[in-house]
Each structure stands twice: as structure tokens, then as C-alpha cells.
Amino acid sequence: MAMKISTEEFKERVEKGIHNSFMRGAVAGAQDRLRTRRLEAAAELGNWEEWRALGEQIRQHTLQHLDYYLMQLSENVAKRGGHVFFAQTAEEANEYIRDVIVKKNAKKIVKSKSMVTEEIHMNATLEAVGCEVIETDLGEYILQVDDHDPPSHIIAPALHKNKEQIRDVFREKLGYTKTEKPEELALHAREMLRQEYLTADVGITGCNFAIAESGSITLVTNEGNADLVTALPKTQITVMGMERIVPTFEEMEVLVSLLTRSAVGQKLTSYITVLTGPKDEGDVDGPEEFHLVIVDNGRSAILGTEFQSILQCIRCAACVSVCPVYRHIGGHSYGSIYSGPIGAVLSPLLGGYDDYKELPYASTLCAACTEACPVKIPLHELLLKHRQTIVEREGKAPISEKLAMKAFGLGAASASLYKLGSKLASSAMNPFTVNERISKGPGPLKAWTEIREFPAPGKERFRDWFKNREKGGDE
Amino acid sequence: MKVTLFVTCLVDLFHTNVGKATVELLERLGCEIEFPEAQTCCGQPAYNSGYVKEAKEAMKHMIRTFEHAEYIVTPSGSCATMFKEYPHIFKGDAEWEARAKKVADKTYELTQFIVDVLKVEDVGAKLEGRATYHTSCHMTRLLGVKDAPMKLLKNVKGLEFVPLPNAQNCCGFGGTFSVKMGPISEQIVDEKIHHIEEIDVDYLIGADCGCLMNIGGRMERKGKPIKVMHIAEVLNSR
């Protein structure tokens, strides 16, 4: 699968993540900053819970009527002279985009940020036919310059790098001579990119929200790069996941407001651009030709299932920015371009359990994600549903665990078995107990005691104490 | 007032003192305690591991055991949350959904019960020292009980309360997560301990034995001298 970013095993990836102290420092710092800013932005808007409920309602309504709105969108794009292509698979999307590029005899492509093009691995397809594809989002640009390092966060793809590392990448790859000051680094990237916009044949963008009523696309950035990508090249291709759609401008306004606040704690980003089709006669800029590629790639299979709510996602990454697991292992450990809680739910759905079976377990179920989500996706419950699917339908759980849980089910459903079992537990633990503590536990306790002490079961269970006391033994 | 105690399996087997403190505290506040002997576990270990069928058997047993109660009180935010989830889990099964709802509606976490039902904020407890409080995730985010423990701790004589930096972050327990994802759990709990040490306290207080076993067990392994107490024990100190 194209969204896969590593061939290593999950355990190895986690091990690497945990030992990457640069990354962990950068991630923890960013999480703390983003959290504070998000909470401030939500408070500033006021009635945050009502806004969330509205966001959820809009997303649920749109998914409920997705076929209708997609039809409306494509009709309106066509009315304005644009081309619409529905791609069922990543391959179909890539073939269509490649054909447009080849027909235009394009050599250079500038591109603004897009997760779905990462998901379908579009750049590689275009590079294979001799095109130069240049990422213009600063984070994506840094990663591209650094030998295509994969993104580790949905909205801050280079989050795992600090400014010193970026300086070194620029020095090595771009002949950069200045310091690690962010302003100087950004200025250098801007100078390098300006020339590319002017000479590019095609601009490719993602899409935050398509608007069905007008056939428009909405692009949200802080750098203004998407505006240059769509203003200068003669041909524009926009690639969107099939669920990234709203009925009207009114809903777009609500969702953009939730998106920018949740993603980066801003009321609005510096640029919010709405584009409709190719340029009209008399317009000074904008593309002469506009293509909208609507990508399914596994999404329609999620519709109508117990996982449907994951399609409500507006890719703000608030869940990623509050996740305690992501905090300590970083984005690359997920092995998917979608990391954090959204990645742990979405990656197995789009990429299959074979590659992503560990991800639903990479969560403490602390529900920080569910609490942060601006469109109220019950992320931790969806992780539970994955676990249930893995156990019940996929049959991928280890035998020892199945037996233990079977025993648990029997024991916890029977008062007498539970009483007997809990009494036996105390004597079974005796050989491992020193000073009422177990430091090297057997069986399932082994993993616990590799890290922590475990309390030995008390000589007297609570229920024994209570019974004795009722009899008057304690009075 | 008659209170039916759901003591939780962790307290029954490993943290007997927490159960004793809960009983003594509630009795002092005028409650009459009933302890249904048939109680086992809320089913969370199986449910959270994806074994819903097995978990439901445990849950049905617990519903049968507790549905007669007037008030169900438990010294665990996480296990109270599980009881509250029962109706959602049995959705579509009209009989059990209704019975589950009856149980869920009268379930209270200990501090929530004391503050919201008994309307008591000062239980007359006394404990000397500096202390901080770990806000467990299920209790704060899913059960929505945030203020009750703070109100009660504020009135403990002699206790100097210090807020915990990054309190909102999970301690890394997560039930089976703590053993399935040991290396990640270790990193998360170590950050928690780092923050606890930063504020130089004598006591770490919490309302969930799972979290306390995790943080306490790790602190003990690392030889940290901070004492871990369940809030029932603190409120029962005199």
C-alpha cells in the first residue's frame, strides 16, 4: 500500500522512535504549545461544545447524503468548465493525473500540501515519467529536500525535525550558508521556491473542503503557497478524498473555523482560498484548465459500517497533538502517513490489518483524542471496535490471550468461580512474593514486572474482611 | 442512606485497604453499606481487549448482582465509567439495555457520591504533608468527574495541595496496554513521574487503583520515596 512508509516491524519502529531524543523533544514541545493554543482559540470562540455538535452534524449529514453531494459537486465543476474524474483506486487516480501531465507535456509541477496524494503515492508516479514534482508547503519541502523523509504529522509534516536539523539538511542539499533561525530558513526556502512557481507547467493541490453548491474547492494555508500553485501554472489538478465535501459555503465556514482552531489554535489561517473552476475570460490569473480528481481508495467500503464516523475527519490533527502514545513514539512509528489516533483507526481500514494490526493497540484508551476532536469522532471507541474485529472476525489474537480471556469471561460471570480463583491467586503468587511485592512475575505478570513492581495479593481479600466484620469479628 | 458497594476486583484482591477506607468513610458519613458477595469484575479487561462476548457475560452477571441497589458506589472512576457504558454496550438488546440503564443510572464514583449526593465537601479528614493529585483519564474525560476530588482534598486539614504539571496527560496504564505495549507505557509513566518529582511532594493521590498501581509500581522500582495513596485512604485519615 502506498500509505505505508516502512517495511520494519512495529516493535522496531517504536524502539527507534523511543530512542530518538531529538524527535521526542520536538514532539513534546509542539504538543504542549498546540494544546494551549487550541484551548485558547476554543475559549475565545465560546460555546465550543455547541460548535463541535454542529460540526459533527454537518459531517454526518454530508456522509449520509454523500452520493447526492458528489453528484452536485461534479455537475457544478463541469458547468464551470472543469473536468471531474472519480478514481476508485490509487492506481486509477495516478493514471489519470499522469495522463493529464503527459498530454500537457509538463516537465515541472508545483504542489501544495495534500495528504491524499501522499496516500496514493502520486509523486513517484509522476517522477517515473520524468516530471520534477516540487513540494511548496515549507514542511513538505524540507522533507522532500531531505531525500523524501516521510511526514510524521498530518498538519506539521516535519514536526520530528528541529531547526538545527533543518539547517543541516539545507546546508547539505541546498548549499545554504546561514543560521538555524527559522526566519532565515524560511526565507531561503521561499527564494528557492519562487522561481519554481514561475516556471511550473502544472499546479497540484489537495482540498480541505469541496463545496457542492458551487463546485468550488477550499484551500487553507498559512504560507500562501497554495495561492501561487493555483494562480501561476496554466493547468491545475486538485486531488481530494471523496468525503472532503460540504453542501454549501455556510457549512464550509463552520468547518474551517473548527479546523483552524483545532489544528493550530488560530481564528483563521493567513490564507483561506476558494477557487471555482478554470479562470474566466478577462481574469488575470488562475489556470486555463482545471481537473478535480475525487479519490475513493477504500473510503466507500467504510461507509455504512460501524467505522463510518472516521470519514467525518477534517484532518486537523488535534487528536495527534494530544495523544500520549504519539508523544513518545512519534509519527514514523505508525508506519503509515496517517499517524496518531486518526492514523491508528484509518490505516487498518485503508491499508488492511496485515500491515497495521498493532495500531489499534497503540493507545491507552485515555480518550484525549475523542475529547479534542472538533467533529466528535469517538476515536477511542473506534480503536476498541478494531480490537473487537481483530479478535472476533480476523482471528488474529494470540492463543494464550484467547484462553486467558475465555477464563476471565467464565470467572467474572460466576460468583463461585471468581471467589475460588481469587483465593487461589494469593497462594499461587506466594513463591514470587517478597515483602508483599512481586518483582519478577510469572506469565502475564512478566511484562508488568519488567518495568514495575506488582503488589502481592493480600492475605485477606476485602470480601473476607467485610464478612468477618459483619459477623462482629472486627468490632 | 443505603449504599451498595462495588469494591472492584483490584481493591478486593490487591488493595484491601482502599476498600476498608471506603467502608469506614461512608459509614462515618451516615451510610449503611451493603456488599453483594456475588460481585466480580466490571468486565473492562476483556472489553478493552476486544473480547466483547466474554465481557458481556461478566457484565450481565454484574447487572444481576447490582440491579436491586438504591445507590451503587465504587472507589474507581474507571470502573464506574464501565458501569455507565453498559447500556451503550447492550444497545439493540432491549431487555439487557433496560436493565443496564437501571444500573448505570444509580452508579457513582466515590468522590462524586460524597459531593453530589451526600452534599458533603469536608469529611473531617486530616493528613500532614505536600500532595498532588493524578486526574485519571476515564474519570475526568468519560465520567466527567473533575471537581469533586478537588473539593474534598481542599478540606483535608494539614494537606498542602500542589498542582501536577501536565496533569491532563495519561499515566500510561491503559489496562492491558501496560503489558502489551510495555516499552511505550514505560516512557509515558516515566514522564508522569518526572512531573511528580518536579513539584517535590510527599504524596501522590488518585482515585483509580489501576493508575496508582502503574505509577506507584514504577516509582517503587526506581526507588522513589513518594507515597501513593488512594483518595479514600486520604479522606479516611484522621
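Just so we're on the same page: letters track the sequence lines, and every chain starts at 1.
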Practice prompt. Heavy-atom distances under 4.5 Å only: say whether B/Val23 touches chain A with side chain, backbone, both or neither.
Written response: side chain

Worksheet entry | Side chain, backbone, both or neither of B/Pro45 within contact of chain A (heavy atoms, under 4.5 Å) | both

Fill in: A/Arg387 and B/Thr176: side chain donor to acceptor below 3.5 Å
no

Fill in: Part of A/Leu365 within contact of chain B (heavy atom distance under 4.5 Å)
both

Item to complete: Please say which of B/Leu13, B/Val7, B/Thr16 ends up in a side-chain contact (heavy atoms from CB on, under 4.5 Å) with A/Arg461.
Response: B/Leu13

Worksheet entry | Residue B/Asn214 versus chain A: region with a heavy atom under 4.5 Å | both

Worksheet item: Is it true that B/Lys180 and A/Glu401 make a salt bridge, defined as a side-chain N closer than 4.0 Å to a carboxylate O?
Response: yes

Discussion item. Check whether A/Arg463 reaches the backbone of B/Asp12 with its side chain - one donor and one acceptor, N or O, closer than 3.5 Å.
Written reply: no

Worksheet item: So which part of B/Leu5 gets closer than 4.5 Å to some heavy atom of chain A, the side chain, the backbone, both or neither?
Response: side chain

Discussion item. Using heavy-atom distances under 4.5 Å, tell me whether A/Glu460 contacts chain B through its side chain, its backbone, both, or neither.
Written reply: both

Practice prompt. Identify which part of B/Met181 has an atom lying under 4.5 Å from any heavy atom of chain A, answering side chain, backbone, both or neither.
Written response: side chain

Discussion item. Does any backbone or side-chain atom of A/Ser439 lie under 4.5 Å from a heavy atom of chain B? Answer side chain, backbone, both or neither.
Written reply: both

Worksheet entry | Check: B/Arg221 side chain, A/Arg452 main-chain N or O, donor-acceptor pair, under 3.5 Å | yes

Discussion item. Can you tell whether the side chains of B/Arg218 and A/Glu450 come within less than 4.0 Å, N to carboxylate O?
Written reply: no

Discussion item. Ring centres under 6.0 Å, that's the criterion: do A/Phe408 and B/Tyr51 meet it?
Written reply: no

Worksheet item: Any ion pair linking B/Glu220 and A/Arg437 (charged N to carboxylate O, less than 4.0 Å)?
Response: yes

Worksheet, complete the sentence: Whatever's closer than 4.5 Å to a heavy atom in chain A on B/Asn48 counts as both

Worksheet item: Which atoms of A/His386 come close to chain B, meaning under 4.5 Å heavy atom to heavy atom: side chain ones, backbone ones, both, or neither?
Response: neither

Worksheet, complete the sentence: For B/Thr40 and A/Ala415, the nearest pair of non-hydrogen atoms, with its separation, is CG2-CA, 4.3 Å

Fill in: Option in B/Asn166, B/Val11, B/Thr65, B/Thr140 with maximal non-hydrogen atom pairs under 4.5 Å from chain A
B/Asn166

Worksheet item: Parallel under 30°, tilted from 30 to 60°, perpendicular over 60°: which one fits the rings of B/Phe35 and A/Phe466?
Response: tilted

Worksheet item: What heavy-atom pair brings A/Ile18 and B/Pro183 nearest, and what distance separates the two atoms?
Response: CD1-O, 3.6 Å

Practice prompt. Please report the closest heavy-atom contact between A/Pro455 and B/Phe14, naming both atoms and the distance.
Written response: O-CD2, 3.4 Å

Discussion item. Heavy-atom cut-off 4.5 Å, strictly under: side chain, backbone, both or neither for B/Gln39 against chain A?
Written reply: both

